[in-house]
Every structure is written in C-alpha cells, then in structure tokens.
2 protein chains.
Amino acid sequence: MPSSFNITELSKEFCITTRTIRFYESEGLLQPERNGRNRVYSARDRVQLKLILRGKRLGFSLSEIADMISMYHAEPGEIAQLEYFLNRIHDRRLHLNQKRDDIELTLAELTSIEQQCNNRLENLKRAINDEE
Amino acid sequence: MPSSFNITELSKEFCITTRTIRFYESEGLLQPERNGRNRVYSARDRVQLKLILRGKRLGFSLSEIADMISMYHAEPGEIAQLEYFLNRIHDRRLHLNQKRDDIELTLAELTSIEQQCNNRLENLKRAINDEE
DNA sequence: TCGATGATTGACGTTTACGTAAACGTAACA
DNA sequence: TGTTACGTTTACGTAAACGTCAATCATCGA
C-alpha cells in the first residue's frame with residue numbers, strides 16, 4: 001500500500017470522478033498536500049475519503065459527514081466540551097440505530113416476498129412436471 | 001386508527017409538508033382517492049407513505065423507492081418473471097447488507113471515541129478532586 | 001352573506017451534489 | 001519540438017427533492 005496517491009488513483013480506486021474529489025475538498029472535507037499545483041493525497045486523506053463515501057452510502061449529507069469527521073478528529077479539553085461531545089455521540093448513535101432498525105425491517109420484508117416467490121416458483125415447476 | 005386521512009393529518013403525523021406528499025404523488029409513489037377535488041388517503045396509502053419515508057431515511061432515491069414499492073405489489077406470473085424478480089430481491093439484499101455493515105462499522109467507531117471521551121472526562125474530574 | 005380556514009393547481013425558486021466544458025500549465029515521449 | 005496525457009482553475013449547467021408564492025375553490029360558522 002503506497003503512502004501517497006494522486007487524484008486519478010483515488011478516483012479509480014473508489015469509482016468516483018476527480019471532479020467529485022475536488023468538490024469534497026472545496027467543501028472542506030479533504031485537505032490534501034500539494035506538489036506544485038498538483039494534489040497529493042496521504043494515506044490519511046485516503047481513509048478520510050473512505051469515511052466520506054461510507055457516509056454517502058448511508059444517506060448522510062456532506063455537511064453531516066463533515067460534522068461526523070470533525071468528531072473523529074476533535075480533542076475536547078474541557079469538561080463542558082467533553083459532555084457536549086458525548087451528547088453529540090449519543091445523538092449520532094440514536095440516528096444510526098434508527099437506520100439499522102429500518103434496514104432490519106426492510107430485510108425482513110424482503111425475506112417474506114422472497115418466500116412467496118419461491119413458493120409460486122415451485123408450484124409453477126410442479127405444474128409443468130405434472131403435465132409431462 | 002381511522003381508515004382514511006386527509007393530507008394535513010398525514011403531514012402532521014409524519015412531520016412533512018403537504019407539498020412533499022403531493023410531490024410523492026406527482027412522482028407516482030402515492031395514488032390517493034379523491035373526494036371531489038380533495039385527496040383522501042386510505043390506510044394502505046398511509047403504509048405506503050411510511051415505506052417511502054423509511055426508504056428516505058436509508059438514503060434511497062425516490063426512483064429506487066418506487067422500484068422497491070413496486071416489488072411489494074408485484075405478482076409475477078411466469079417462471080422467467082419470478083426468477084428475474086428473485087434476482088432483484090437478491091441485489092436489494094446485498095445493497096442493504098452493505099448499508100448494515102457500514103452502520104456497524106460507524107457504531108463501533110463511535111463506541112471507540114466515546115470510550116476515549118469518557119476516559120478523559122474521568123481524568124479531568126479526578127484532577128479536580130485531587131485539587132481539593 | 002361574509003370572512004376565515006383549508007384544500008387545490010400551477011409555476012417559479014432553491015439547495016445539494018456534482019457534470020461538463022473551456023482555457024491553461026507541464027512533464028514525458030516520439 | 002510538437003503532441004499527448006494528466007493535471008489545474010473557473011464557470012456555467014443540471015437533476016433531485018422539495019420550498020414558496022399566487023390564484024382559485026369549497027365550506028362552515030358568525
């Protein structure tokens with residue numbers, strides 16, 4: 001695993017356009033180094049990009065993602081900050097638990113209609129066999 | 001539980017605007033009855049709306065949601081249709097499993113930074129006690 | 001009968017998250 | 001020494017998902 005990447009390498013690895021990566025930077029979600037004019041992404045930048053894309057898959061907006069990423073890097077020093085921070089973590093957890101419940105529900109429904117399909121399929125195949 | 005609803009009742013129950021509900025209808029996601037000009041939503045329409053909002057929470061687009069809802073109502077009659085349908089179910093399941101994995105990862109990371117926060121918090125509080 | 005209340009249909013506006021094109025820089029390679 | 005391949009900035013365009021009027025209609029209580 002290399003320790004630095006250019007924009008095209010990352011765009012290919014994650015199947016996104018360079019435009020998208022630059023856009024994330026313009027929104028403050030990435031801060032790559034520069035080699036002259038060109039962007040140079042560290043391993044940490046690459047992890048950050050992974051986090052962004054994971055957030056996107058979960059349907060979070062870029063500003064929500066920015067907020068979450070800031071939590072990863074924050075180093076609150078005072079008690080009040082820490083307690084505020086723990087509250088935000090708590091809220092995020094509730095939010096994610098809700099999504100997980102939504103997923104479980106949807107998966108259960110998928111299983112149900114899958115069952116029905118399989119039943120119908122067996123009936124149809126049996127009917128064909130009976131014809132022979 | 002009433003068996004029919006007007007648009008304002010639904011908008012209040014689900015904390016969305018009437019505009020949003022009408023928009024979903026214009027996109028083919030809802031087909032309420034009419035009483036004269038006015039829309040009348042059945043219990044089934046209400047469930048449908050719930051499904052839409054669940055899909056939104058999971059970050060699906062309205063067209064994806066329309067696709068999923070159509071699966072709930074489809075009654076494929078031929079073997080080829082059924083097998084195609086089972087494939088779509090399979091794909092959806094993969095998609096949802098991916099999201100669930102993303103959620104588990106994120107929750108695990110939240111737990112980790114929560115731990116760190118709690119540790120710091122305890123240290124700070126201990127330091128204050130030692131001062132006394 | 002009149003005004004408030006709530007619903008409807010346009011129609012244009014807005015935000016988010018990029019797409020796309022133009023114009024330019026630069027390093028390598030034939 | 002072109003030209004090809006990537007990279008950059010700037011800027012306008014766009015699709016999705018609504019928000020926000022405005023004009024109109026229906027009803028209902030005072």
Side-chain angles (χ1 to χ4, degrees), chain A residues 2-42 45-46 48-70 95 98-99 102, chain B residues 2-42 45-46 48-70 95 98-99 102:
Chain A
S3 65
S4 79
F5 314 82
N6 69 23
I7 198 166
T8 315
E9 287 165 354
L10 289 186
S11 80
K12 284 183 179 159
E13 176 176 2
F14 296 115
C15 298
I16 55 181
T17 66
T18 58
R19 172 69 176 101
T20 298
I21 298 177
R22 291 197 197 95
F23 178 69
Y24 292 160
E25 179 180 349
S26 76
E27 296 293 299
L29 294 171
L30 290 171
Q31 296 96 26
E33 301 293 307
R34 296 280 177 141
N35 179 9
R37 288 162 61 86
N38 293 14
R39 293 168 173 84
V40 179
Y41 297 88
S42 68
D45 291 324
R46 182 173 161 279
Q48 194 107 333
L49 182 52
K50 266 192 179 180
L51 284 179
I52 298 171
L53 298 176
R54 199 170 73 193
K56 292 241 72 188
R57 284 196 301 271
L58 292 176
F60 290 110
S61 71
L62 289 186
S63 60
E64 284 177 303
I65 293 171
D67 186 66
M68 295 180 68
I69 287 181
S70 79
H95 199 156
Q98 159 83 344
K99 290 207 187 212
D102 284 335
Chain B
S3 66
S4 80
F5 313 82
N6 69 23
I7 198 166
T8 316
E9 287 165 354
L10 289 186
S11 81
K12 284 182 181 159
E13 175 175 1
F14 297 115
C15 299
I16 55 181
T17 67
T18 58
R19 173 72 177 96
T20 298
I21 298 178
R22 291 197 196 94
F23 178 69
Y24 292 160
E25 179 180 346
S26 77
E27 296 294 299
L29 294 171
L30 289 171
Q31 296 96 28
E33 301 294 307
R34 295 283 176 137
N35 178 10
R37 288 161 61 88
N38 293 16
R39 293 169 174 81
V40 179
Y41 297 87
S42 68
D45 291 325
R46 182 171 160 280
Q48 195 106 334
L49 182 52
K50 266 192 178 178
L51 284 179
I52 297 171
L53 298 176
R54 198 170 75 193
K56 292 241 71 185
R57 284 197 301 272
L58 291 176
F60 290 110
S61 72
L62 289 185
S63 59
E64 283 176 304
I65 292 171
D67 186 66
M68 295 180 70
I69 286 181
S70 79
H95 199 157
Q98 160 82 347
K99 291 208 186 210
D102 284 334

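Predicted model, so just to flag it, every value in this text is computed and none were measured. The sequence lines fix the lettering, A, B, ..., with proteins before strands; numbering per chain opens at 1.
For the contact set between residues 59-68 of chain A and DNA chain D, defined by any heavy atom under 4.0 Å, there are no members. Non-hydrogen atoms lying under 4.0 Å from DNA chain D are contributed by B/T17, B/R19, B/T20, B/F23, B/Y24, all within residues 13-25 of chain B.
Evaluation of the side chain to side chain donor-acceptor pair (under 3.5 Å) rule for A/N38 yields no partner, not counting sequence neighbours. Every residue two or more places apart in sequence or in another chain that forms a side chain to side chain contact (heavy atoms under 4.5 Å, CB included) with B/R57 is listed here: A/Q98, A/D102, B/L53, B/R54. With sequence neighbours excluded, no residue forms a ring-ring contact (aromatic ring centres under 6.0 Å, His included) with B/Y24. Not counting sequence neighbours, B/S70 has no partner by the side chain to side chain donor-acceptor pair (under 3.5 Å) test. Residues satisfying the side chain to side chain donor-acceptor pair (under 3.5 Å) test with B/T20, not counting sequence neighbours, are B/T17. Residues forming a side chain to side chain contact (heavy atoms under 4.5 Å, CB included) with A/K50 (at least two apart in sequence, or on another chain): A/F14, A/R46. In terms of the side chain to side chain contact (heavy atoms under 4.5 Å, CB included) criterion, residue partners of B/S63 (sequence neighbours excluded) are, by chain and number, B/S61. With sequence neighbours excluded, the residues forming a side chain to side chain contact (heavy atoms under 4.5 Å, CB included) with A/S4 are A/V40, listed by chain and number.
In this structure, A/R39 atom CZ and D/dC6 atom P are separated by 18 Å, rounded to whole Å.
Between B/K56 and A/Y41, the residue anchored closer to the 5' end of DNA chain D is A/Y41, taking for each the nucleotide with the nearest heavy atom.
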For residues 27-34 of chain A, tabulate all N or O donor-acceptor pairs below 3.5 Å that involve a side-chain atom, not counting sequence neighbours.
residue: A/Q31; atom: NE2; partner: A/G28; partner atom: O; Å: 2.9
residue: A/R34; atom: NH1; partner: A/R37; partner atom: O; Å: 2.8
residue: A/R34; atom: NH2; partner: A/E25; partner atom: OE2; Å: 3.4

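For the pair A/I16 and A/L49, the minimum side-chain heavy-atom distance is below 4.5 Å.
With a heavy-atom cut-off of 4.0 Å to chain A, the contacted part of DNA chain C has its first and last nucleotide at C/dA17 to C/dT20.
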